[in-house]
Q: 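Questions regarding the structure given below will be posed in turn.
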Amino acid sequence: MTHLDGKRVFVTGGAGFIGSHLCKKLSASTRKLTVYDDLSSGKVENVKHLPNVRFVRGDILDLKKLQSQEKTDLIFHLAAQVVVPYSMENPIFDFETNARGTLNVLEKARKDDARLVFASSAAVYGNPTVFPTSEDYGFHPFSCYGLSKVVGEEYCEMYSKQYGLDITIMRFANVYGSGCHGVINDFFDKIHRNPEKLEIIGTGLQSRDFVHVSDVVKALILSTKGEIAIGKTYNLGYGKTIKIIDLAKLIIKLLNLTGKTVITTTGVSWQGDVNTIWFDIGKAKKELDWTPKVSLEDILKEMIHERRLDQ
Ligand SMILES: NC(=O)c1ccc[n+]([C@@H]2O[C@H](COP(=O)([O-])OP(=O)(O)OC[C@H]3O[C@@H](n4cnc5c(N)ncnc54)[C@H](O)[C@@H]3O)[C@@H](O)[C@H]2O)c1
C-alpha cells in the first residue's frame, strides 16, 4: 500500500527521460496512470510496456485535448523544451512550450482540482554567486530556458494563491541515469568515436551537481505524500559539485584510459551556459525525509556498464 493507491495520476512528458523513470515507479503503485506526451523528444517504447499505463499522444499546447482527458487527482508536469542552446535560438518556441504549456497544464489542474508537481530547473538561478545555492536565492535566469521556467513557476505560485491549488515546485540540478542526455553522454560518445581525444565545450571550469534519476523520482513521489510539500519549492541535486574537466578526468580514469586520452577545451561555451550549479538540498532532506543515495561515481559506473564500455 502506498499513498498513491487508487489515485488517478497524469504525467506530462512521461515518455521522456525523467518522466519514464517516474512512470515506471508509479505504474507499480497506481492503477490509473495516464502519460500525455507529444513524443517530440520522448519515445512511446519508454512506457508502453508498463502495466496500468494509458498513453495519449498529445501536445500540452492543445488545451482542448488536455482538458478533454479523464479527470485526474494528481499531475506531474514534466513536458518541456529542455535544451538551453535551443532556447536561445528559438525563444518563442521555448516560451510557448514551457510558459504557455505550463499554464495550460495548470488549467487542467484547476478544472480537475488536482494536485500538481512542476518540474523546474537550476536554470532559474542563472549564474548564482552563493554556494551551495538554496531555494531562496531568487530568480536570476541567464537563458531563455531559465526564464520560461521562472514564468512556469510564477504561474504555479499564482494558481496556488488565487485558486487554492495544491502545488509543489521541484528544481532539478543535472539529472543522470539510463536514457539521459547531456554532458556525460556527450563524453562517452566522443571517447567511443576517438579514444585518443576528448574535447570539452567551454573552459572545462564550469561545474555541475549531478543527481541520479532514481533519487529524483523518489523525491517527486515523496513530495505528494501528506501536506508538507504543498505550496513549497525544493532543490533536488546531490549537494556536491564537480568541474567538467574533473568529470572528464574521472570518466577517463574509470575507462582505464588515463595517459591515453588527451583532454582539450574549446574555450568558448554556448550562449546561456552557466558557471556553477551546486545545490543546497537541506530543505528537501529535512522536509521530505529524502537523501540522494547514488553518487556520481556510481552513476558513471552504471552508464559505462549500460554502454558495455567495461567489456
Ligand atoms: N534532465 C535534467 O537534467 C533536467 C534538469 C532540470 C530540469 N529538468 C526538467 O525536467 C523535465 C523532464 O526533463 P527530461 O530531461 O526528462 O527531458 P526529456 O526531453 O527527455 O522529456 C521531456 C518530455 O516532454 C515531451 N514534450 C515536449 N514538449 C511537449 C509538448 N509540447 N507536449 C507534450 N509533451 C511534450 C517530450 O516528448 C519528452 O518526452 C523537464 O521539464 C525539464 O525542464 C530536467
Side-chain angles (χ1 to χ4, degrees), residues 10-24 34-48 53 55-66 69 75-84 86-87 90 92-105 108 116-126 133 141 143-153 156 169-186 208-217 219-220 233-238 272 274 277 279 292 296 299:
F10 190 87
V11 182
T12 72
F17 161 50
I18 301 171
S20 60
H21 283 272
L22 174 66
C23 289
K24 192 172 169 196
T34 302
V35 172
Y36 187 92
D37 196 303
D38 71 351
L39 300 181
S40 51
S41 67
K43 295 191 188 85
V44 72
E45 295 75 46
N46 285 344
V47 285
K48 73 169 183 207
V53 169
F55 177 77
V56 178
R57 185 170 188 169
D59 188 337
I60 52 169
L61 291 172
D62 185 346
L63 182 60
K64 213 167 157 194
K65 185 162 188 172
L66 202 50
Q69 299 304 309
I75 299 174
F76 289 96
H77 173 38
L78 282 86
Q81 185 302 112
V82 304
V83 184
V84 171
Y86 188 85
S87 80
N90 304 278
I92 294 177
F93 179 88
D94 178 80
F95 175 85
E96 282 288 309
T97 308
N98 294 0
R100 192 160 76 82
T102 298
L103 183 56
N104 285 350
V105 177
K108 162 121 182 94
L116 183 135
V117 179
F118 174 54
S120 187
S121 164
V124 302
Y125 299 129
T133 310
S143 63
C144 291
Y145 169 75
L147 182 54
S148 63
K149 285 288 178 183
V150 169
V151 175
E153 285 202 20
C156 286
I169 295 168
M170 293 299 209
R171 294 180 184 148
F172 305 159
N174 297 84
V175 188
Y176 276 82
S178 180
C180 67
H181 27 78
V183 62
I184 298 182
N185 275 325
D186 183 42
R208 296 291 180 265
D209 182 335
F210 294 100
V211 61
H212 194 259
V213 65
S214 62
D215 285 321
V216 167
V217 164
L220 288 172
T233 300
Y234 297 96
N235 279 347
L236 299 182
Y238 193 70
V274 299
I277 298 176
F279 271 6
L296 174 60
I299 295 175

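Each ligand, and each atom within it, is numbered from 1 in the order the structure gives. Numbers for residues simply follow the sequence, beginning at 1.
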Q: His77 versus ligand 1: do any nitrogen or oxygen atoms come within less than 3.5 Å of each other?
A: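 Min N/O separation from ligand 1 is not below 3.5 Å for His77.
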Q: Ser121 to ligand 1: N or O pair under 3.5 Å?
A: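 No: no nitrogen or oxygen of Ser121 is under 3.5 Å from one in ligand 1.
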Q: Does Leu66 reach the side chain of Phe10, with side-chain heavy atoms less than 4.5 Å apart?
A: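 Side-chain contact under 4.5 Å: yes.
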Q: Starting from atom 38 (C) of ligand 1, locate the nearest protein heavy atom and write down its residue, its atom name and how far away it is, to 0.1 Å.
A: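 Sorting protein heavy atoms by distance from atom 38 (C) of ligand 1 puts Ser41 OG, 3.3 Å first.
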Q: Would you say the side chain of Phe279 lies within less than 4.5 Å of the side chain of Tyr125, judging by non-hydrogen atoms?
A: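 In contact.
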Q: Show which atoms of ligand 1 fall inside a sub-4.0 Å distance from at least one heavy-atom site of Thr97.
A: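 Heavy-atom distances to Thr97 below 4.0 Å select 28 (N), 31 (N).
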Q: Is any N or O atom of Asn174, backbone or side chain, closer than 3.5 Å to an N or O atom of ligand 1?
A: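 No, Asn174 has no N/O under 3.5 Å of an N/O on ligand 1.
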Q: Against heavy atoms of Gly16, which atoms of ligand 1 measure under 4.0 Å?
A: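 Reading through ligand 1 atom by atom, the close ones are 20 (O), 21 (O), 38 (C), 39 (O).
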Q: Are any non-hydrogen side-chain atoms of Val274 and Arg208 less than 4.5 angstrom apart?
A: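 Side-chain contact under 4.5 Å: yes.
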Q: Can a non-hydrogen atom of Asp59 be found less than 4.0 Å from any atom of ligand 1?
A: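 True for this residue.
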Q: May I ask which of Ser120, Ala119, Gly182 has a heavy atom nearer to atom 7 (C) of ligand 1 than the others do?
A: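 Among Ser120, Ala119, Gly182, the closest heavy atom to atom 7 (C) of ligand 1 comes from Ser120.
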Q: Which ligand 1 atoms, with their elements, are less than 4.0 angstrom from a heavy-atom of Phe172?
A: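 With Phe172 as reference, the close atoms of ligand 1 come out as 5 (C), 6 (C), 7 (C), 8 (N), 9 (C), 10 (O), 44 (C).
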Q: What about Tyr36: any of its N or O atoms under 3.5 Å from an N or O on ligand 1?
A: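 Tyr36 vs ligand 1: no N/O contact under 3.5 Å.
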Q: Judged on heavy-atom distance to atom 44 (C) of ligand 1, which of Ile18, Val82, Ile277 sits nearest?
A: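 Comparing heavy atoms across Ile18, Val82, Ile277, the nearest one to atom 44 (C) of ligand 1 lies in Ile18.
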Q: Look at ligand 1 and say whether Ala173 reaches it with a heavy atom at a distance under 4.0 Å.
A: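 Judged by the 4.0 Å heavy-atom criterion, Ala173 does count as contacting ligand 1.
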